[in-house]
Structure formats: C-alpha cells, structure tokens
4 protein chains.
Amino acid sequence: MGRPRYQRRKEDRPQEIAEAAFAAFAEKGFTATKVEDVARRAGVSKGLLYLYFKTKEELFKAVIRGVVTPRVDELTRTLDDSELSAEAFIRGPLLTFLKRLPGSPASVVIRLMISEAPKHPDLVDYYWENVASRGLGALRQLLERGVANGEFRESAVNELPQLFIAPVMMSIVWGIVFADRSLDTDKLIETHVDMILAYIRA
Amino acid sequence: MGRPRYQRRKEDRPQEIAEAAFAAFAEKGFTATKVEDVARRAGVSKGLLYLYFKTKEELFKAVIRGVVTPRVDELTRTLDDSELSAEAFIRGPLLTFLKRLPGSPASVVIRLMISEAPKHPDLVDYYWENVASRGLGALRQLLERGVANGEFRESAVNELPQLFIAPVMMSIVWGIVFADRSLDTDKLIETHVDMILAYIRA
Amino acid sequence: MGRPRYQRRKEDRPQEIAEAAFAAFAEKGFTATKVEDVARRAGVSKGLLYLYFKTKEELFKAVIRGVVTPRVDELTRTLDDSELSAEAFIRGPLLTFLKRLPGSPASVVIRLMISEAPKHPDLVDYYWENVASRGLGALRQLLERGVANGEFRESAVNELPQLFIAPVMMSIVWGIVFADRSLDTDKLIETHVDMILAYIRA
Amino acid sequence: MGRPRYQRRKEDRPQEIAEAAFAAFAEKGFTATKVEDVARRAGVSKGLLYLYFKTKEELFKAVIRGVVTPRVDELTRTLDDSELSAEAFIRGPLLTFLKRLPGSPASVVIRLMISEAPKHPDLVDYYWENVASRGLGALRQLLERGVANGEFRESAVNELPQLFIAPVMMSIVWGIVFADRSLDTDKLIETHVDMILAYIRA
DNA sequence: AATGAATGAGTATTCATTCAT
DNA sequence: CATGAATGAATACTCATTCAT
C-alpha cells in the first residue's frame, strides 16, 4: 500500500501493465478480461492504464507484439547462427524449440489469435508479417540448405513448412480444449520430426 | 413487410433457429453474437427463440451437438463398413474425409471449442465423449488392423492417432487466423498421410 | 387429457378461470403470477382466458369481486337476521365470523389490496363501497342497537368500528409477513372483543 | 444542463441513492420501481448505483435497514430510559410513539414487508430479529413491570403485546388502501390504549 | 369456441471509457 | 502524473398480449 514495489519508474509502467494484461488474457481470454482487472493486477489505476493505452484493443495489440517479437527474434537468430548440418539442426535446436512451444506464452498468443483473429485483421497482418511468414521462411531456408548440400531430396515438404508446425499446433489446441486430458506432447512432436526426416532424407 | 408477420411452423422452428445460430456463431463467435441477431437471421422474434432454447448457452450447446453428431456418425459408419486393406482405406475414404474437414462446419465447431472451452466444461465433456475419443478410437482400431494383418509395423503412430489429425488441425487453425492467405490444405494433408504411411509400412 | 373433467360447460369457464386465478394470486401475488400459470391451472389455453378477460387486470378485478361479494353478503345477512341482544350477538356470531377471517380467502384479498391498491384505484373504490363501508356500516348499526336498548354506553367505539377489525387486521398482516412464526390469532381476537365489551358496557 | 455532469461526492452517494430508492419504493413498491428511476431521482447514473449496491435486492435491503434501525433504536432507548410508572409511560411516551407511526416511514416499510415478504425470507428474518421481536419484547417487559409494582393485573395482554400494535397496524393498512378516505388515526389509537389500560388496571 | 405459436416492449445488469480532482 | 467516481450504451431474458389455424 504505502511503499511502491521496486521503486517504480514511469518508464516501466507500460511494460508492467502489458505483463499484467498478458497474464489476465492468458487466464480468461480477451473479451472476458476486464480492464479493471488488468489495472488491479498491475497495481495501477484504470485512469493510468488509459494514459498509456488508448483502448482495450490497443492494449491487446501491444501485448501480442510484446510477447511475440522477442520470441521470433530468438528463433531467427538461432537459425542464422547455426553451423550444424540441416538434419543435426532439426534434431537439435529446432526440436528443442518446437517442444517448448506448447507450454510457452506462444501458446497463449495462438489461443488469443484464434479467438480474436476475425475481429482484429490488423493484428493478423502484424502476426503474419512478424511471426508466421518469418518463421516459415526460416524453415524453408533450412530445408533448402539441406537440399543444397545433399542431405535432403526435393519434396513437397519444401513448400509446406507448415508440416513442421502441425503437431505443435495440435498440441496447443489439445491443451486449450482438453487441458486436463493429457497428451504426450513431446513424444508427438519427436515422432513427427522423425517421420519427416525419414521422408525427406536423400 | 411482404411476408406475413405470423407464420406457424412449429416443427421446423428449432432447426431453423439452430441453423441461423450456427451461421452467426461461425461469423462472429459465441460471445460476440447477439441473441437478437440470431432471431433476425432466423426470421423469428427473440421471444420465440427463447421458447425453444432456454438460454443462449442452451442454444449454443444444441447447435454444437447438431453439427457434430451426424458428422461423427458418418465417420464411424465409414470405418465400420470398410472391406479395404488398412492402407487402401487410409489412402481412400479416410483421406477424403480428412481433406473435407477444413472447409466444413467441423472447422467452425473447432473454432468455437477453442474459444469457448474454458467457459463450457460440460461442452468439452460432450465433445470429448462424442467426437474426440470416438474418432481417435476408430483411428486406433484401424491402425491395429493394419498391424494385425502385416501391413504396418508396430510403432509410435499406433499410440498417437493425433498424428493423423495434426495437419487437419493445422489447416483449420490456419484458415481461422489467416483466412485469405491461402494454404494448399489438400496437399498438406496428402503429403502428411503419405509420410505417415511410409513411416509405418512394415 | 382426453376426457374433459366434469363434462365442462362453457358457462362455467369464467368461474373456473377466476378460481384458478385466485389460487395463483394467493400463492404468489398479482404481479408474480403469470397469465400462463393461471391458464394451466384452469386447464385452459391462454387464448381462451383472454376471450373471457380482456387483460390481466380485468381478471384481477373479477377475481376480487367474485371472492368478496358473497362473503359480504353473508356478513350483512347474519347481522340483519339476528334476534340476539347486541352483546350476545357480538360474543356469538360476530366473534365466530371475525375469528374465521385470518385463515380465509378474505385474508388473501386483503393482502392483494395492500400490494396492489396504489395501482388499482377503481378496485379500491369497489372494495370500499362493497366491503369496507358496508361492513363498517353494519358494525355501527349493531353498536347503535346496543346503545338504544341500554346495553352499551355512548362512546368513541361507536364512531370507530375499525376498532373491531384491528386485531383481525393485525392477525392477517402477521400471517402474511411472519407466516410460520405463530401467533394465537383466536386468543388475540377474543381478548380484544372482551376488552371492547368491558369498555363499552353500560 | 445547468449542473455539471460530473460531480464527485463519494461519501454522500450511498445515502443519497438510498433516500431516492426509499421515496421510489414508497410510491410504487419494490417490483414496480425501475432501477433507472431510482438513479434518476438520485441525480445519478445507473452505473453508479450499481457501484454501491450490487443488485436491486441489495439496495432494497439496505433501504429497509436504513429506515428501520434508527427507529427501533429510538423505541428501545425510550423504554429503557424511562423512570415513569408503567401507566404514565404508556399514556405518555408510548402513546406519542404509536401515534406517530402511521404517518412515518415505518408505514412504508410495513407496506413493503407485506408486499415482498413472500419473496424475501431473509429480509423477514432481519425484520423479525431487529424490529418485531425487539419491539414486542420491550412491550412485554413494560407490562411485567406494571404487574410487578401492582399497577396492572395479570391478563392475556401480557402474552399478546401485539394488542398494542393492532390499531397502529389497522391505521397503516387503512392508509395504504384507502389513502384519502380519512380515518382519525390518533383517536383510534388513543381510544384503544384507553381501553387496554381500563382492562388491565389492577 | 379453442389453441398455443409468435411477438416485442420492457428491465436488470455489465463494463469500456471519461474526467473532475 | 495519478486516481477512481461517474457515465451510458449494450444485451440477455421475461411475459402480457395477439392472431393464424
């Protein structure tokens, strides 16, 4: 009450609010989350929230961007840096990355995108440009590298990098809908990657 | 104006209303759909809607059931009837069935389930019992038949029939989020099935 | 269902509906009673009810009149017929009559009048003319007879026949509000009458 | 128009709203009063009303409590303080108190209790504990004091303190139903008290 | 005469947003 | 900057009443 936590500076405020909002959206979804709850969670008044975010929608978009951008940067950085063979990269860093997704904030973002996409076309645009097309592009590049150095044969998989994502999406959706009815997510993804590699190996 | 204000059509009403509701939910989701809109779409007054469905939630559940039940019945009937080898069945009727899903009402149901699951646990239960577990059970049976008559080797796929569904889910989610940014859904599913068969063939 | 009960004749219908309405009003009050419930209770369709009573209000008024009229007639007849001395009459038939009121339909009518009076001035007029003023007039007459033949002294009671009714009203209101928290109604009324007689005896 | 649309007055609001609500309930009863009307009367928006009272029912209960509590406190205080003989007390402060009731807010509360009792059992409980049983208890005590110091004889009145209230209730009900058809309330109550005293004097 | 399907005005309640302080 | 009191548009649901059959 009396003491501000962490000697708060005004620069942190938007970030703090966005985090609170993310947590709230993760729990209840966008529509069901009340602006007041977000403010309370952030330890801030409603008025102040509106000082930084013009509307609830603005807040939503900011939150999505805030979560998504660093994550995609991480992915592309990983891909760029790698010195491994394509297969070794897929079995190593990529597999690790994919297996992490279902339990990560990314899964929350996907849930939010699925629920809200129809009402937020500009958010979809943003997501497309900054996440989907970049991610798929990176995957495509990886596959092409594999073909170029004789590891992989040409195949339809080259044009459908979504195939890599499919079991991740399956796991995420399963988690959203069936929460408690457990599915061995790791095994699903591993088997899937194994299968792809068997299929495209030269 | 042109039409009579009063139109007795007791038998058809529930069905008509449910169809209008399905269309509305498909467009805007459950929460964003106003009961009044559903009524208008059905060419009916709000009051009449409430005569047949006690609450908006009841209506929702009825709609889901109405879409889901016949579809699942179709699936299990298809599986039961078949005289084909497991692989022939997968490449034939099953592939056809899977390829149809992304453009079908099923995809709407899945979107609704994803958005509303957290608020409708009983609906999830219903969906689990009548769709998910039955569908997965049928797939598992099919794979076991393949193993039994020497077509398939024992493998992880047997325990993860979700792998069959993954590209369908991917396609559906893609369609929800990216609507217009086309994805060759058929090819995705075909390639995926091809890949699975190559993987599990004895 | 198939057989009409009691070989119903159309002449009885309004009466039957009114009785059903009275029962419903007694249970839930006027506002809380749905026209549909009345119709169901009467074993009749809503449409037919509206054939006999133009509005719910009409029905209400008819019901009040139907209950009230015969009861008042009984009272005035009792008073007119009597050959007894005033005190004997009071201790006998009148006391009996008063003690019966709290458990009788009259008490329902009073509850309804209290709740609905502000919205039904014409009903109040009817009630005043046919019940209150006639009843009070009869009581006044009785008291005057007692004075005339030397039983009672002149006193304020003559001008306030409401004093006779007071404990009855008290009992009725108590019953409405406290239903289960019992009050010995009979004793209350007896004591009260005893007290009055002691007070006015010459 | 003239007044500012915004008027911060946190402390007073609940009180102001409760008063407006009391006035509205007094005029039209609970059910017939629209929340919007209460808000308008209080010069406040619907939303603000709901900030202070969670539901219309809550508001109702708060109003009843607000009116009832001070009045009962006044009564019990009066009784406790008195140094008078029982009869002097009855003819003095008690008579004054009783004569005031029919024109006071208490009468509104009683009307509301009569109309709403069946739907608000918890309100009845509250009323019983805080008004009825306390009031009757005080009266009983007073009568016992009179008996103890030889002023009064033992009589049924001791167990039926409701007898004191009867003409007050009669007056209140008369006022509710017949509003304009005047009744000399004061005289009714005075005569009644006179009568009781004559009856129980030792 | 009799039915009950159909209507739609009416009402409690919620919540994003504003603005006096 | 910061607050949270205040606003009011939006929405699910009810029920007296009508009218095609």
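Just so it is clear: chains get the letters A, B, ... in the order the sequence lines come, proteins before strands, and each one is counted from 1.
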- NZ or CZ of B:K61 within 45° of B:F53 ring axis and under 6.0 Å: no

- Message: Could you tell me how far apart C:L59 (CG) and F:dC15 (P) are, to the nearest whole angstrom?
- Response: 16 Å

- Got a donor-acceptor contact below 3.5 angstrom from the C:K28 side chain to the D:P118 backbone? no

- Would you mind telling me which of F:dT17, F:dG4, E:dA12 lies closest to the side-chain atoms of A:K46? F:dG4

- Note on the structure: In whole angstroms, the gap separating C1' of E:dT3 from CG of C:L49 amounts to 13 Å

- Message: When you measure from the side chain of A:D37 to the backbone of A:T33, do you find a donor-acceptor pair of N or O atoms at a distance under 3.5 Å?
- Response: no

- 5' priority, DNA chain E, between C:G47 and D:E57 [closest heavy atom]: C:G47

- On DNA chain F, check which nucleotide each of B:K54 and D:V44 is closest to and give me the residue with the more 5' one. D:V44

- Item | Interatomic distance, B:D37 CG vs F:dT11 P [rounded to whole Å] | 8 Å

- Kindly indicate whether the side chain of D:K56 and the base of E:dT11 share any N or O donor-acceptor pair separated by less than 3.5 Å? no

- To the nearest Å, give me how far apart CD (C:E36) and P (E:dA6) are. 14 Å

- Note on the structure: In whole angstroms, the gap separating P of F:dT17 from CG of B:L51 amounts to 18 Å

- Message: On DNA chain E, does the nearest nucleotide to B:S45 precede the nearest nucleotide to D:T55 from the 5' side, or the other way round? Give the residue.
- Response: B:S45

- Nearest-angstrom distance from the residue atom CZ of D:F53 to C1' of E:dT14: 18 Å

- Pairing nucleotide - E:dT14, Watson-Crick or G-U, each distance under 3.5 Å: F:dA9

- Heavy-atom side-chain contact between D:R13 and D:L51 under 4.5 Å: no

- Query: Looking at E:dT14, does its base get a donor-acceptor pair with the side chain of A:K34 below 3.5 Å?
  - Reply: no

- Message: Tell me the interatomic distance from D:K28, atom NZ, to E:dT11, atom C1', rounded to whole angstroms.
- Response: 13 Å

- Out of F:dA2, E:dA16, E:dA12, whichever nucleotide has its closest atom nearest the side chain of A:Y52: F:dA2

- Message: Taking C:A26's backbone N and O only, do any of them form a donor-acceptor pair with C:R111's side chain (distance below 3.5 Å, no angle check)?
- Response: yes

- Message: Mind checking if B:T31 touches a base, just sugar-phosphate, or nothing, with heavy atoms under 4.0 Å?
- Response: nothing

- Query: Do any side-chain nitrogens or oxygens of C:R13 fall under 4.0 Å of OP1 or OP2 in E:dA2?
  - Reply: yes

- Task: Find the distance D:Y50:OH to F:dT11:P and express it as a whole number of Å.
- Result: 17 Å

